[in-house]
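Have a look at the structure below before the remarks.
In what follows, chains are A, B, ... by sequence order, proteins preceding strands, each numbered from 1.
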Amino acid sequence: MSQDFRLENIGMVNRNKKISFTFNGKKYFGYEGDTIASALIANGVHLVGRSFKYHRPRGFFGVGVDEPYAILQLERNNERDPNIRATEQEIFEGLEVKSVNCWPSVNFDIGAINNFLKMFFPAGFYYKTFMWPPSFWYKIYEPFIRMAAGFGEASIKHDKERYEHKYEYCDLLITGSGPSGLASAYAAAKNGARVILAEDKPRYGGSLLTSDVNIGNQTGVEWSEKIITELKSMSNVIVKNRSQVFGYYDHNMLVMSERISDHLPKTQKYLPKQRLWYIRAKEVLISSGSIERPLVFGNNDTPGVMLSSAAKEYMKVYGVLVGKKPLIFTNNDSGYETAIEFKKNGVNPIILDTRKEPYSDIITEAKNLGIEIKYSYVVVAAKGYKKVKSADIAKISDNKKDLSNIENIECDCICVSGFWTPSIHLASQSGNKSEFNEKIDAFIPKKSKQKENTIGSANGKFTLEETINEAFDKGYEVSNKITENNNKVSIPTVVEKKSSEHDKFWCVPLPKGKSYKRFLDFQNDVAVTDIELALREGFRSIEHVKRYTTLGMATDQGKTSNLNGLQLVSDIENKVVPQVGHTTFRPPYTPVSIGAIVGREVGKHSKPTRKSPMHEWHRKNNAVFVDAGVWLRPRYYKHGNETLFEASKREAKNVRKNVGVCDVTTLGKIDVKGPDAAEFLNRVYTNAWLKLPVGKARYGVMLREDGIVMDDGTTTRISENHYHMTTTTAQAANVLSHLEYYLQLVWPELNVNVVSTTEQWAGAAIAGPNSRELLTKLFPNTDVSNEGLPFMGYKEADLFGIPAKIYRISFSGELAYEVNVESDYGNFMWEKIMEVGKEFQIQPYGTEALSTLRIEMGHVAGSELDGRTIPHDASLEGLVSKKKDFIGKRSLSRSAFTKPDREKIVGVVPLDKTTSIPEGSYIVKDPKAKLPNPKLGHVSASCWSVEYDNPFSLAIIKDGKNMIGQKLFAMSPLKNKTIPVEIVSSHYVDPEGKRVRA
Amino acid sequence: MLYIFCPHCGSRSQNEFAYGGDATVKRPELNKEISDQDWDNFVYLRKSPRGKHLELWHHISGCRQWIKVERDTSTHEIFKTYKADELTE
Ligand SMILES: [Zn+2]
């Protein structure tokens with residue numbers, strides 16, 4: 001199958017490798033190295049989509065990142081990938097793409113009726129048209145807009161592709177491998193700097209790939225190949241293609257997305273799709289080049305109207321003709337280069353130059369080649385709907401106001417050049433205030449804000465000689481600041497054709513009686529009339545004009561439209577562009593996939609998973625795990641077909657009746673050491689700590705300065721100046737930071753050190769009436785009697801040759817001990833406990849049973865200490881010292897904390913003794929009261945009491961102390977339940993605490 | 001992402017640190033009488049200046065030291081960093 005628009009002897013695609021792909025269901029072929037755009041153009045396809053607002057036919061406008069039209073949807077490995085620029089996506093075997101913004105098809109698009117109803121779509125149409133009546137919004141306007149708008153459809157499936165993140169440091173990051181990027185990278189690398197050179201296209205060289213120049217007696221292409229090859233061989237250089245530096249953030253942090261396998265048929269298992277690079281660069285050279293500006297004329301959005309530089313690149317890089325009857329419409333010499341390239345490939349172009357009598361080498365060359373040139377000529381309007389068929393052209397007066405000699409000439413493409421706009425986005429993102437340069441009618445960076453310099457055409461240098469000289473100098477200068485090697489390479493001589501000045505004219509007036517749409521922003525269908533209307537309606541600030549008209553918004557971020565928009569506003573307002581100013585450039589420069597931003601941190605990988613040393617034992621014994629912060633803890637151990645409810649009840653019952661063992665490794669542990677440790681604890685905790693003897697533990701509560709309970713736990717005095725503090729699993733990290741804050745900043749005079757020992761110890765809580773007998777067998781040489789190891793006692797002991805620590809503390813309210821061994825012995829300890837405990841009917845219990853046991857005992861935990869409660873609310877006021885000062889004490893005397901009906905923890909039992917109360921339920925007096933029903937408080941935790949075999953809950957309610965005995969209601973609007981309840985003491989089981997002291 | 005010079009470790013990325021608020025706030029001394037208003041100011045009231053600000057950062061994934069950072073809140077420029085016990089200018 002021959003391709004009508006493919007040239008034989010030109011281009012850089014691999015003719016030996018044919019690749020087939022489908023577009024809108026039809027099969028095409030291209031060559032390896034083609035983009036979707038180049039391959040489709042080679043096949044004569046120019047209609048690829050519909051515009052955003054009017055659904056006008058859309059073709060290709062550019063050849064790279066600036067493409068406003070050819071946004072497609074890619075299907076790959078059964079995944080949808082929207083927002084793919086056809087000018088950037090390389091084809092691979094089996095690639096499937098389709099058009100967006102058209103329904104039912106790109107050829108027949110119902111939305112195109114908008115084009116004929118355009119009085120409904122003026123500037124600000126979203127704000128005007130779809131406002132009234134309000135009831136129309138959900139049912140009529142929104143569904144209509146949603147179906148008609150949008151650039152594709154995101155996949156709703158889990159993205160199976162792999163994305164990675166990488167952190168990198170370098171002396172010098174260079175963004176773009178055109179002549180300035182290559183030259184500066186070479187100069188800096190030779191001077192010993194660590195360089196990263198990033199190129200967003202697959203091929204290095206930028207404008208050198210398409211321009212007819214000579215550097216150091218080599219063609220531009222040869223020279224760039226030589227430099228790149230040498231850079232790649234240097235160990236201090238990283239060279240990356242398909243890599244877009246899209247964001248310039250604080251402190252010289254830049255982010256780059258590397259498209260690693262987007263151009264490959266199927267991702268290999270371990271090859272990421274994309275990689276996001278976070279680069280901290282000491283210096284940055286922005287060599288991102290420039291983008292050609294469009295000229296504005298009637299129907300300038302018709303497929304076949306495109307940038308002249310793009311037409312040239314399609315020929316020179318891809319060997320593809322964008323048309324066989326080209327019309328070149330230019331206000332500068334760039335259009336001539338494209339015309340000459342057409343001519344060299346056997347096609348006869350016509351040049352329309354807006355200038356009257358330009359003169360330069362390149363114009364002479366075009367003349368000598370016999371190319372037809374019309375001076376002071378403009379395109380008035382493109383003709384043709386789905387593709388350019390002809391153009392109305394006219395002679396323009398010297399003052400550029402009047403058209404004459406309007407005639408229609410046949411053509412199949414119109415290549416426009418309105419001069420060049422430097423890509424200053426990255427410099428602007430870094431904080432660089434740009435300035436308007438009259439000579440080039442565009443903004444260029446001003447004074448460096450961060451450690452950045454802009455070079456080459458991004459800095460408004462449009463001759464190669466200037467660019468190369470500046471780049472070599474900057475590369476050396478910037479690198480030498482860092483390396484001080486003083487190794488300067490010589491600058492090669494440059495041969496190029498001299499150009500003449502461009503014409504400031506860019507917008508063709510409308511001929512009398514015609515109302516052609518002249519587009520400024522091609523992606524958002526913003527026409528000259530929209531800007532005029534916005535200004536008439538009083539919008540003045542360019543930021544407001546942008547938002548009202550959508551000029552420069554959406555995925556291309558106005559890369560081709562911004563300056564023309566500004567020019568127009570300036571012209572209408574009789575201002576100059578610098579007075580109007582430009583809108584803010586914000587990252588990202590090009591769209592970045594969500595997958596790349598998230599990287600590997602998805603699902604289970606979004607946070608680390610911590611496991612106790614006994615994890616494998618739990619797993620083998622049918623533990624069902626639950627996330628506790630970043631820890632995985634056994635929730636229950638499933639026997640046969642047991643449910644969570646049945647299993648946790650069995651486990652809790654066994655603790656009350658025999659003995660159970662629970663993995664408490666996850667509790668936070670902090671070593672507090674130093675001569676002032678006791679004094680420090682005395683300030684941190686609400687209760688008294690100065691007199692705690694060695695070998696004893698104490699329960700403590702710590703507050704924040706605002707009086708709210710921060711955490712609770714037991715702390716044991718191991719030796720004179722050594723305390724072992726425990727925290728809740730959830731608060732472990734916060735408590736450590738809290739302690740460090742006070743030691744380092746508030747009381748640096750205290751001689752105390754704190755360090756986390758959470759992971760150093762494995763812990764097992766052994767609880768139940770049989771626990772002492774079990775301990776006697778585990779530690780035969782240690783006196784664990786009630787006298788030898790009383791409640792809140794501590795002992796070091798020997799567990800079958802392993803050093804262990806025994807704390808007689810209890811969360812379950814039963815006679816209980818916690819045994820700690822060094823983490824590596826954790827599994828050994830656990831297996832010994834299970835083995836020896838067999839005769840005492842030991843069973844492991846999980847967090848669900850643990851909760852049941854603590855709730856029916858009225859022991860508070862995270863659901864009560866929820867960042868809103870003071871000690872009184874949790875019935876911990878007995879632990880608040882009246883004598884000494886401590887963190888947060890002063891807050892406790894604030895009026896809201898001392899009012900008589902202050903909330904307090906209570907127990908809640910359903911009157912029917914069978915209906916469980918959902919956690920979070922409100923406690924109310926009258927379930928039928930008018931909404932919002934005044935609530936007394938809420939249910940913080942619920943369980944099935946194994947002691948009484950009925951539901952039991954804890955609640956924190958207003959004036960709780962005086963509510964005991966009252967009959968109230970628990971309401972859960974979420975579960976649609978209203979349950980009559982009785983308020984009881986929160987200490988439902990063993991209120992005197994006899995068991996723990998037994 | 002900021003690049004913060006830890007006086008103990010050197011320059012590190014912001015994601016190793018936790019922000020700790022205004023470094024000029026001084027906790028009232030223990031066991032001293034203090035009015036409701038003064039206590040309230042200490043616990044709740046913070047200035048939110050635009051421009052230079054001395055603030056606390058905790059090198060939480062590094063040396064675990066609290067440090068003081070003089071930063072411009074609008075430009076993120078960092079002028080100087082201090083150890084917790086170092087006198088600030
Ligand atoms: Zn540090």
| field | Toward chain B, the part of A:Tyr742 with a non-hydrogen atom under 4.5 Å | value | side chain
| query | Is it true that B:Lys80 and B:Glu70 have a side-chain N and a carboxylate O under 4.0 angstrom from each other? | reply | no
| query | chain A heavy atoms under 4.5 Å from B:His58: which part of the residue, side chain, backbone, both or neither? | reply | side chain
| said: What part of B:Glu77 gets within 4.5 angstrom of chain A, counting heavy atoms only: side chain, backbone, both, or neither? | reply: backbone
| remark: Heaviest contributor of heavy-atom pairs below 4.5 Å to chain B, chosen from A:Glu740, A:Lys889, A:Arg704, is A:Glu740
| Between B:Val43, B:Asn31, B:Leu56, B:Leu2, which residue shows the highest count of heavy-atom pairs closer than 4.5 Å to chain A? | B:Leu2
| note | Bottom line for B:Ile34: the part with an atom under 4.5 Å from chain A's heavy atoms is both
| query | How about A:Phe897 and A:His872: are their ring centroids closer than 6.0 Å? | reply | no
| note | Under 4.5 Å to a heavy atom of chain B? For A:Ser893 that would be neither
| task | Could you verify whether a donor N or O on one side chain and an acceptor N or O on the other, from A:Gln450 and A:His251, lie under 3.5 Å apart? | result | no
| request: Please flag which part of B:Asp85 lies under 4.5 Å from any non-hydrogen atom of chain A: side chain, backbone, both or neither. | output: neither
| said: Out of A:Gly431, A:Ser737, A:Ser895, A:Gly707, return the one with the most heavy atom pairs under 4.5 angstrom to chain B. | reply: A:Ser737
| query | Is it the backbone or the side chain of A:Leu736 that comes under 4.5 Å from a heavy atom of chain B, or both, or neither? | reply | both
| request: Just do the salt bridge (Lys or Arg N to Asp or Glu O under 4.0 Å) check on B:Lys68 and B:Glu86 with the steps written out, would you? | output: CA-CA 9 Å; B:Lys68 294 174 190 171; B:Glu86 224 177 317; over 6 Å; no
| note | Residue from A:Tyr278, A:Tyr169, A:Tyr249 scoring the most non-hydrogen pairs under 4.5 Å with chain B is A:Tyr169
| query | Does A:Trp689 offer a backbone N or O that forms a donor-acceptor pair with the side chain of A:Asn682 under 3.5 Å? | reply | yes
| query | Got a salt bridge between A:Glu258 and A:Lys166, using NZ or NE/NH1/NH2 to carboxylate O under 4.0 Å? | reply | no
| field | Side chain / backbone / both / neither for B:Leu30 at chain A, heavy atoms under 4.5 Å | value | both
| task | Keeping the roles fixed (side chain from A:Asp171, backbone from A:Lys282), state whether a donor-acceptor pair exists under 3.5 Å. | result | no
| query | Are A:Arg868 and A:Asp873 close enough for a salt bridge, meaning some N to O gap below 4.0 Å? | reply | no
| task | Go through the atoms of B:Lys83 and report whether side chain, backbone, both or neither lie under 4.5 Å from a heavy atom of chain A. | result | neither
| Contact class of B:Trp39 relative to chain A, heavy atoms under 4.5 angstrom | side chain
| message | Closer than 3.5 angstrom, by distance alone: can the side chain of A:His738 be matched with the main-chain N or O of A:Ala733 as a donor-acceptor pair? | response | no
